[in-house]
Undergrad: 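Mind having a look at this structure? Questions to follow.
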Amino acid sequence: MPITILPPSAPIAAAHLHHDDSDEDMSDDDGLPVQSTTSIVTPGETVTSDPQWMRGHGTYVPADTTTIISTVAGHLHKTNKLLSVQPLRARYTPEIGDLVVGRIVSVQTKKWTVDIAAPMLASLPLSAINLPGGILRRRTAVDELNIRTFFSEGDLLVAEVQSLHGDNTASLHTRSLKYGKLRNGLFTSLTGAGGGILSRRGGVVRSKRQTFTLQTGAGEIDVVLGVNGYIFVSAHKKAGQDEKDVSITSLEQGVSETLYSSQNDDIEPGVAREITRVSTLVKGLVGCGRRVDEDMIVRVYEGAVELEAEEKVMGSSERAGGAKGVVEAVLGRLEMGG
Amino acid sequence: MALPTLALPGTLLGPASKYAPGPGTHIHDASIYASIVGTVASSPSPNTTTTKLPLLSISRPGDAGPTDSANILPEVDSQVLARVTRLGARFASAEILVIAPANATSISADAAVCSTPFTAQIRREDIRATEKDKVTVQDSFRVGDLIRAVVISLGDQGGYYLSTAKNELGVVVARGEGGEVLVPVSWREVKDLRTGRGEARKVAKPF
Amino acid sequence: MAATTAALRDPAPAAAAALTFPRPIFATVAPHPFLQAHLAAPQPSKAPLRANSRTAHEFRRVGINTGSLTHCNGSAVVRLGNTSAVCGVRAEILDEAHVQATADFAPSTGNETEEDAERERDEMESLRLLVPNVELSTGSTPQHIPGNAPSSFAQTLITRVRSLLLSTSLVRLSDLRILYAPPSNPDGLDAEPEPQLKGYWVLYIDIFYISIDGNAFDAAWAAILAALKNSVIPHAFWDEDLETILCSDDPSEAHSLTLRGLPVPSTFAVFEGKHDWNESGEAEEADWVLSDPDAFEETVCRESVCVVVDCTVGNKGTKDGILKSLEKSGGDVVDRDAMKGLVKRAVDRWAEVEKATNTKP
Amino acid sequence: MAANTDRRRINAPSGGTSAPVFAKPVKEYGYLQSLRPNRTRGPDELRKTFLQTGVVPSASGSAYLEVPTTTTSSQPSLIPPTSSLKIAASIQGPKPLPRSAPFSPTLVLTTTVKFAPFATRYRRGYIRDSAERDLGVHLETALRGVIIGERWPKSGVEVVITILEGDEDTWWGDSKAEGGAGSGWGLLNVLAGCITVASAAIMDAGIDCVDMVAGGVAAITGDGQKVLDPCPAEHQDIVAACAVGYLASRDEITELWLKGEVGADPDTLIEGATHAAMGSVSVLREVLLENIETKTKAAKEGSKRKLEDVEMTG
Amino acid sequence: MAPPQPQQVNLSPAELSFLRSTLCQAPPVRFDHTKGPKDFRSMRAEYDVLPGANGSARVALEDGTEALVGVKAEVETSQWRPSPDARGSALAPDAEMRDAADDEDAKGKGQNSWIEMSVEIPGFRDDDSLPVFLASMLTESLLASGGLKDRLYINTRFHWKLYIDILLLSPPLSYPLALLSMTTHLALLTSRLPALKSEKDEDPLFDDDWDAAVFLYPKSKASASDDKPPVIVLAMGVGPNIIFDPCMEELAVADSVLAIACANATASSTRARIVSVRTIDPPSHLTPPGVPNSMNSATGGTVPASSAEALTQRELLANSGVWTPPRGGMKRGLISQVVKMVVEEGGVAEEVISALQAIELG
C-alpha cells in the first residue's frame with residue numbers, strides 16, 4: 001500500500017489515552033481542590049489557593065498570596081505535596097552534568113557552537129576536548145588553525161554539559177572517552193519532547209544510563225539517548241577502547257585513531273538495517289507520546305521483531321501509520337501480554 | 001590505450017588501474033576522465049605513499065603565463081603577496097593579491113594574480129619566528145604595506161591565515177604618510193632616505 | 001619590448017632594494033608606478049607607450065555592426081577594444097489620449113529655427129519620448145554582479161546619455177509624431193483640413209554591455225548613434241472604424257529617423273606622475289592625458305574630461321567641430337591650453353567614428 | 001510594467017505605451033495566415049549553431065551562442081516571421097565568498113538569467129520576472145551535477161546569462177495573451193541554449209566538470225510526429241516538448257524539463273531531446289578544441305615574453 | 001543574495017554515508033524502516049476547510065509539514081484584441097454569424113493567463129527561486145491539458161479567473177512539491193463554480209443556489225475516467241534503487257531527483273498520463289565531503305602537501321566509508337524506469353489519485 005491518507009483527527013491521539021491515567025493520579029488523591037476540571041492547565045490559570053501545597057516547576061505564587069498559578073500550558077502533576085505543571089511541549093533546558101547529543105553549527109577560532117535543542121546554542125571550547133595524541137598533550141597555536149579537523153559544521157557529537165552561563169547558554173566538554181564525535185549510525189531528533197525530569201510522557205528521561213548497548217539478531221547496537229532529546233543509534237564500538245580500562249598509550253592510540261574520524265567503518269547490511277529499525281521505533285514511541293528510555297526501547301524493539309516475524313509467516317503486512325502504527329501495535333500486545 | 005594529447009571534460013583517459021588521477025581529471029566508474037579543457041600529461045607519481053602509478057594530469061592552456069589569472073585558490077604553504085588593510089591588537093588583516101603555486105620558493109613568473117583579492121589575517125604570534133611575545137602588530141606592519149607571506153591555514157569563513165615568521169617573509173614595499181618610499185635598513189626597520197626618519201617594520205630579507 | 005627596458009631605467013633610487021616582478025604582478029601590486037614606468041620611458045623615435053601599448057593620444061578602433069536584432073526597429077553592436085555594447089531601439093506608440101496636457105502642437109515648418117528645436121526639446125522631455133537605459137550587470141565586469149539595483153556608476157552613465165540625447169536634440173520630434181488628416185474639414189468649410197495629433201512614437205533605447213574595459217560612455221553613445229541611424233519606424237495612421245492607431249507593415253512606407261548632426265564624445269583620463277619618487281629633489285613635471293582610457297587606466301586616474309563635438313554642422317567643413325558639450329571632473333592638470341588640445345583630439349576622433357557609423361555592415 | 005516606478009532608471013511615459021498593431025493582418029482576411037512561417041528543415045534536422053568563447057576578456061570565462069532564424073518571410077513585411085536565439089554567458093570566479101556568507105566546503109554556484117528588454121516581441125521589464133527566475137533554477141540544476149564543487153572550497157562562482165534574443169512560445173499570429181503567460185514552448189529552446197552556452201563558458205573558465213553538458217530540445221506535434229530542435233513559431237500544434245541537459249559521455253541527464261500531453265511513455269521524446277543535445281555537443285567539442293590549439297600557441301609566445309621581468313622599485 | 005535553501009541539510013559526512021549505504025541495499029532500507037521504496041509517508045487530509053473559497057483543502061504530513069490551498073474564481077472581462085474574426089463578430093450586423101461564432105463550444109478558447117497561482121512558504125520571499133519553481137511547475141502541470149482553462153470560458157466577453165493560493169503552513173522540512181500538489185489536487189477536485197443562468201453574450205448571471213453549482217472537474221458515473229487535476233510525485237534515484245516520496249534525510253544522499261506530474265488514465269488508455277517532468281537539484285550536491293582518516297591529521301593521517309595530491313587521494317577513495325557528494329545526473333534508463341513505475345496500471349500515479357479521490361467520497 002504505497003500511500004495512506006487518514007481522515008483529519010487530533011494530532012496526537014495518544015495524548016488522551018495517556019491523559020486518563022494522569023487523571024487517576026489526580027483523583028486518587030482526595031482533598032486536592034483543583035479549580036481546573038481537567039489535568040491540563042494554561043498559563044495564568046489558578047491551580048489551587050490551598051496553602052498546603054508547595055509550588056514546583058511551571059508554577060508561581062504571586063506575592064503575599066497562597067494561590068499557585070500555572071506559568072505554562074501542560075499537565076498538572078503532584079508528588080506528595082509538590083505541585084508541578086509539565087509543559088506539553090518544552091525545549092530542553094540544559095543542566096550541569098547532562099549527557100547531550102549535539103550538532104556543530106559553526107566553527108570559530110577557538111570554539112565551536114553546538115545545537116543541543118536548547119533555546120540557546122551551546123559552545124564547545126577547543127580547550128574542552130581531548131586532543132589527538134593523548135589527553136596530556138598541551139594545546140598549541142597549531143590546533144587553533146586545524147580546529148576544523150576535529151569538528152566541522154554538521155558533525156554530531158556526544159558531550160556533557162560542563163557549565164551554565166548567566167544567559168543559560170551551556171558550555172560542553174568531551175574530555176572523556178565516552179564522549180566525542182558520532183559516526184556509524186543514524187541521528188533522530190525528538191525536539192520538544194526533551195527536557196529531563198519534566199518529560200514524564202514522551203521523550204527522553206534522565207536516568208542512570210543514557211547510553212546502552214542493544215542486542216539484536218544481527219549484532220550489538222549502541223544507543224545514545226541525549227537528555228536533550230537528540231538520539232543517536234549506531235553500530236557497536238569495537239571492544240578495546242571503552243570496555244576494559246586501558247593503559248594511557250593504547251588510549252592515546254584510540255584517541256588519535258578514531259576519535260575525530262568522519263569516516264564510517266564498514267557495517268554489515270544486517271546491522272545497518274537494525275540500526276534503522278531502532279531509530280524508527282524511537283520516533284514511533286514519541287509519536288505515541290511514550291517515554292523513551294532503555295527498557296522501553298528494548299521491550300518495543302523485541303516486540304517489533306516478533307511482530308514482523310509473525311507477519312512474515314502470515315504474509316499480511318497491511319498497516320497504516322508507519323512507525324507509529326508499529327509501535328501502537330507492539331504496545332497493544334505488550335499491554336495484553338502484561 | 002594511447003593517451004589523447006588534448007582533452008575535454010568527459011574525455012576518457014584510461015583505466016584507473018593503470019594511471020593515477022591528477023589535477024584536471026576525475027575517476028568515474030574505475031576509469032580516469034578529464035575534467036577540464038587542456039593538454040594531457042603523464043608523469044611519474046610524485047609521492048609513492050599514495051600510489052605507484054603514473055600520474056595523469058591536464059594543464060589549462062592559459063596556465064603557461066600569469067596573464068591568465070586563472071582560478072588558483074590559496075592553499076596551505078603557498079606563498080603570496082598581500083597588502084595590509086587593517087591593524088588590530090591581536091592580528092593584522094590583509095588582502096591577498098598574488099598567489100605563487102604551492103611550495104614554490106618565490107613569487108615567480110608562474111604566480112597567479114587574483115581577480116578578486118582574498119581576505120586574510122596574520123595573527124600576532126605568526127608575525128615573527130622568535131620572541132613571539134615581544135611582537136606588536138603596530139611595529140610590524142602599516143596599512144598599505146605590501147608583504148610577502150605564506151598561507152598556514154584556510155581558516156574559517158573569516159579568511160585565510162598568513163604567516164611572516166621567516167627571514168625572507170615580511171614587508172617588501174613600505175611607504176610613509178606622504179607616500180614616499182621607505183627603504184629597508186635592517187630586518188626590523190625601514191627608513192625614508194630623504195628625511196632619514198625611520199619606522200619599525202617586520203622587513204622581508206631582500207633576495 | 002619597450003616597456004620593460006624602460007622600467008629598468010625609470011627614475012628610482014638605486015639604493016632601494018630592487019625586486020623584480022612579472023609584468024601582470026607588477027601591475028596588480030603597484031598599478032600607478034607600473035603605468036608611469038611605461039609612460040616615462042624615453043622612446044628613441046616614437047611617443048611613449050601605455051601599458052596597453054597605445055600612445056597617449058591613441059584611441060581604440062570602433063567596430064560597428066548594425067541591424068542584427070530581430071525585434072528592434074534599430075540595433076547596433078559596438079566594439080571599442082575590449083569594451084563592447086549592444087544597443088536596441090524599440091518604438092512603441094503613446095496614444096494621444098494617454099498624454100496629459102498635450103503640448104500645443106505646431107506643424108513643423110520646413111526651415112526650422114533654434115527656438116523650434118528648443119520647443120521640441122521641452123516637449124520630448126516632458127512627454128518622455130526617449131527612454132534610454134543601460135544594463136551593466138551582465139557579467140561584463142567583476143564589479144557589477146546581477147541581483148543588485150543599478151549601481152551609482154550605471155545611474156550616472158545613463159543620466160549622462162539621456163542629457164546628451166536631449167541637449168543635442170538628436171532625434172526630431174517630427175519623426176515621432178503620429179498625425180491624422182481628416183478626409184474633410186469637420187466644420188464643413190472647404191478649407192484645408194487641420195491635421196490632428198493622434199499620438200507619438202516612444203523610443204526605448206536599451207544598452208546592454210557585453211564586456212567593459214573602460215570608457216563605457218563613448219561606447220554607449222556610439223552604439224546609440226549607430227542604432228538610431230539604423231532605425232526604421234513603420235508608417236502609423238489613425239483608423240476610423242477601429243478608432244485606434246494602426247501601422248503598415250510595408251517596409252516601403254516606413255521611414256527612418258533623420259538625426260540632427262552627429263555629436264561624438266571623446267573621453268580622456270589624466271594620469272598624474274608621482275614626483276616624490278626620486279629623493280633627489282628635481283621633480284620633472286610628468287602628467288599624461290590619455291585618450292580613451294581602458295579599465296586599468298581608469299583605476300589609476302582621478303581626473304577625466306569628456307568632449308563632445310559635431311563636425312557635420314561646422315561651416316568650415318569637417319575639420320572644424322561645433323562643441324556640443326564639455327565635461328570635466330576632478331584634478332587640476334587640464335588647463336585652458338590643454339583643453340584646446342583635447343578639443344583638437346576630439347575633432348580628429350570624430351572623423352574616425354563618423355566613418356565607422358557610415359560603413360554599412 | 002515593473003520599470004514604471006523604478007527611480008534608478010529612466011522611466012517610460014506614465015500613460016504607458018503599446019506595441020504597434022499592424023493593419024493588414026487585422027483587416028485583410030487571409031493575409032495573417034499568408035505570413036505563417038513553416039518548417040523547411042526535416043524533422044531531425046537541427047538549426048545551425050554559432051558558438052564562440054572568450055567574448056568577455058575581464059571574466060574568467062565567457063561564451064556567446066547564436067541560432068539564426070531559418071525562415072525567411074515570403075513577402076516584404078516589417079513583422080519579423082520568427083526570432084533567432086542570441087545568448088551571452090559570462091563566468092565570474094571562482095572568487096572568495098562575501099564576508100557575510102557562511103563557510104562552504106564546496107563551490108557556491110549562482111546562476112542568473114535575464115532577458116534584454118528587446119529580446120522578445122513584447123518588451124520585457126528590467127526586473128527579473130518569474131519566467132527568468134525559473135530558467136535560472138533549471139540552469140542551476142543542469143550545471144550543479146556537472147561541476148566538481150568540492151575542488152573549490154569556500155569560494156563562489158557567478159554564472160550570468162544575458163538573452164539578447166529569445167525564441168518565442170508560439171507564432172505571434174496565434175498568440176492570444178499579450179506578453180508572458182504563453183505556452184512556454186520557447187522557454188525550452190532558451191533553456192537548452194543557456195545550458196550549452198553556460199557549459200562552454202564554464203569550460204572556458206577552467207572549472208572542473210565531469211562532462212560537457214549540452215542542451216537539446218524535441219517536441220511532439222499534433223499529428224504525433226517527433227521533431228528535433230523545434231522552432232515553436234513554425235509549428236502550430238505542439239502538444240508536448242522536452243528540454244534536456246545531457247552528458248554525452250556518461251549518457252546521463254542532469255536537467256530534464258518536459259511538459260505537455262506526452263501520454264504514458266515520454267521515452268521517445270526524451271530520446272529525441274538527447275539527440276538534439278548531441279548536436280550541441282559536437283559544436284562545443286569543435287569550438288573548444290580549436291580554442292586549446294590557439295591558446296597553447298599563444299601561451300608559447302607568452303612564455304617568451306614572460307621571461308623579461310619588469311624591475312619594480314619603491 | 002542566495003535565498004535560504006530548505007533542502008540545504010547539515011548532516012555530518014558520517015551520517016550521509018550511512019544513510020546512503022542503507023538506501024543502496026537491496027531491497028533498500030528507508031529512513032523510516034517500516035516503509036518500502038514505493039511507500040508514501042502517511043498524511044492527514046480534509047477539504048472544504050475555507051467556506052469563503054470555491055474549493056479548498058488542507059493536508060498534513062506526519063513530520064508536521066502542512067499545506068493549505070484555497071481556490072477562488074472571479075468573473076473577468078476578456079480583453080479584446082483586433083483580429084479578423086474578432087472584428088467580424090464585433091462589427092458584422094447580422095445575428096446569424098454572431099450566434100454561429102458563439103455556439104461552437106469553448107474548445108481552445110481558454111487562455112493560460114486565466115489561471116493565477118501563488119505559492120507562499122514561510123521564510124521565503126515570493127520571488128525566491130523555490131516558490132517560483134514550485135508555482136511554475138504546478139501551473140504548467142495544470143495547463144498541460146487544455147481542459148481546465150477551456151472550462152473557465154463563459155462567453156466571448158467574459159471568463160472565469162481562477163486564483164489558486166497555496167500556503168505551506170510549516171517551514172519546508174522536506175521538499176514540499178509533492179505535498180503542495182496533492183493539496184492543490186484535492187482543492188481543485190472539490191471546487192465548484194456557480195451555475196450560469198444567462199445566455200450567450202449577455203452579461204453573465206449566476207444561480208445563487210450553491211447545490212446547483214457545477215464542479216470545476218465534472219464528475220460522471222464512471223468516475224475513474226473523469227478528467228481530474230494532475231498530481232505531482234517525487235522520486236529519487238540512489239545507487240541502483242528508486243525511492244518515492246523521499247524525506248529530507250533521504251534527499252540529502254540522492255543521486256538525482258525527479259518530479260513527475262501525472263494525470264489519471266482516460267477512457268482511451270489504461271495507464272496514467274505524464275503531463276510534466278522536471279529534474280530537481282538534489283541537496284546532496286551541497287553536502288560537505290568527508291575527510292578520510294588517512295588525510296586527517298586529527299586521526300593519525302597526514303594532510304596532503306598540495307591540493308593536487310589531495311585531489312589524487314580523494315579520487316582514489318572509491319566508495320569507501322567516506323562520504324563524497326554524488327556527481328553527474330540521472331541515467332536515461334533510470335528515468336524511463338521511474339516513469340514506468342508511475343504510470344503503469346496500479347502504479348504510483350493511480351494509487352495516489354484514487355487515494356485522494358477516496359477522501360472526497362468517504
Side-chain angles (χ1 to χ4, degrees), chain C residues 1 4 7-8 12-13 16 18-23 26 30 33 37 69-72 82 86 88 90 92-95 98-99 127-128 131-133 138-142 145-147 149-150 155 158 162 202 204 206 208 210-213 234 236 239 244 246-251 254 277 295, chain D residues 3 8-27 55-59 62 64 69 76-80 82-84 86 88-92 95 110 112 114 116-121 123 126 158-160 162 164-165 305-306 308-314:
Chain C
M1 123 172 207
T4 327
L8 293 168
L19 34 85
T20 67
F21 285 126
R23 311 183 61 256
F26 188 171
L69 292 175
T70 312
H71 298 298
C72 293
N82 282 342
V86 179
R90 190 80 168 237
E92 291 202 348
I93 291 171
L94 170 61
D95 196 318
H98 296 144
V99 177
L127 294 176
R128 301 210 215 116
V131 189
N133 274 302
T138 58
S140 55
T141 63
I145 292 307
Q155 291 178 49
I158 193 52
R162 178 165 179 271
V202 173
Y204 292 94
D206 285 291
F208 264 61
I210 301 300
S211 161
I212 297 186
D213 181 19
D239 182 293
T244 81
L246 293 181
C247 302
S248 151
D249 63 331
D250 183 351
W277 268 44
Chain D
R8 296 196 189 76
R9 297 185 174 86
I10 310 294
N11 294 321
S14 46
T17 61
S18 56
V21 176
F22 288 98
K24 264 169 103 183
V26 181
K27 304 202 129 191
V55 292
V56 186
S58 64
S62 61
Y64 172 76
T69 161
S77 166
L78 290 177
I79 313 170
T82 65
S83 64
S84 61
K86 295 188 174 71
S90 151
I91 310 284
Q92 300 288 352
K95 55 182 174 116
T110 323
T112 323
K114 182 80 192 81
F118 46 71
T120 49
R121 203 168 290 266
R123 205 168 166 280
Y126 297 105
E158 299 262 352
V159 179
V160 189
T162 307
L164 296 171
E165 198 170 317
R305 198 186 67 240
K306 179 181 85 206
E308 328 151 329
D309 284 359
V310 178
E311 177 182 296
M312 172 189 125
T313 49

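Note on naming: letters A, B, ... go to the chains in the order of the sequence lines (proteins, then strands), and numbering restarts at 1 for each one. Small disclaimer: the values here were computed from a predicted structure and weren't measured.
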Undergrad: Considering only heavy atoms, which portion of D:S83 lies under 4.5 Å from any heavy atom of chain C: side chain, backbone, both, or neither?
TA: both
Undergrad: Name all residues meeting the side-chain contact (heavy atoms from CB on, under 4.5 Å) criterion together with D:S58; count only those two or more places apart in sequence or in a different chain, and write none if there are none.
TA: C:P142, D:V56
Undergrad: Side chain, backbone, both or neither: which part of C:I145 has a non-hydrogen atom closer than 4.5 Å to chain D?
TA: side chain
Undergrad: Taking side chain as everything from C-beta outward and backbone as N, CA, C, O, which of these in C:S140 sits under 4.5 Å from a heavy atom of chain D? Side chain, backbone, both or neither.
TA: backbone
Undergrad: So what's closer than 4.5 Å to chain C heavy atoms on D:S62: side chain, backbone, both or neither?
TA: neither
Undergrad: As an exercise: rank C:I93, C:V131, C:L94, C:T138 by heavy-atom pairs under 4.5 Å with chain D and give me the winner.
TA: C:I93
Undergrad: Could you tell me the separation between the CZ atom of C:R162 and the CZ atom of C:R128, rounded to the nearest 0.5 Å?
TA: 8.0 Å
Undergrad: Where on D:T112 is there a heavy atom nearer than 4.5 Å to chain C: the side chain, the backbone, both, or neither?
TA: side chain
Undergrad: Counting heavy-atom pairs closer than 4.5 Å to chain C, which one of D:S84, D:A89, D:A23 comes out on top?
TA: D:A23
Undergrad: Between C:D250, C:I212, C:V86, C:I210, which has the largest tally of heavy atom pairs under 4.5 Å with chain D?
TA: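 Of the candidates given, the most pairs with chain D belong to C:I210.
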Undergrad: Sequence neighbours excluded, which residues qualify as side-chain contact (heavy atoms from CB on, under 4.5 Å) partners of C:A254?
TA: C:V232, D:L78
Undergrad: Is a side-chain donor or acceptor of C:R90 paired with a backbone partner of C:H71 at a separation under 3.5 angstrom?
TA: yes
Undergrad: With respect to chain D, which residue among C:P234, C:P251, C:G88 yields the maximal number of heavy-atom pairs within a distance under 4.5 Å?
TA: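 Maximum pair count with chain D is reached by C:P251.
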Undergrad: If every non-hydrogen atom of C:F208 is compared with every non-hydrogen atom of D:A116, which pair is closest and at what distance?
TA: CZ-CA, 3.6 Å
Undergrad: How long is the span from the CD atom in D:Q92 to the OG1 atom in C:T141, to the nearest 0.5 Å?
TA: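 Separation between the atoms: 7.0 Å.
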Undergrad: Side chain from CB out, backbone as N, CA, C, O: work out which of these in D:A119 comes under 4.5 Å of a heavy atom of chain C, or both, or neither.
TA: backbone
Undergrad: Within the distance-only criterion (no hydrogens, no angle test), does the side chain of C:N133 pair as donor or acceptor with the backbone N or O of C:D206 below 3.5 angstrom?
TA: no
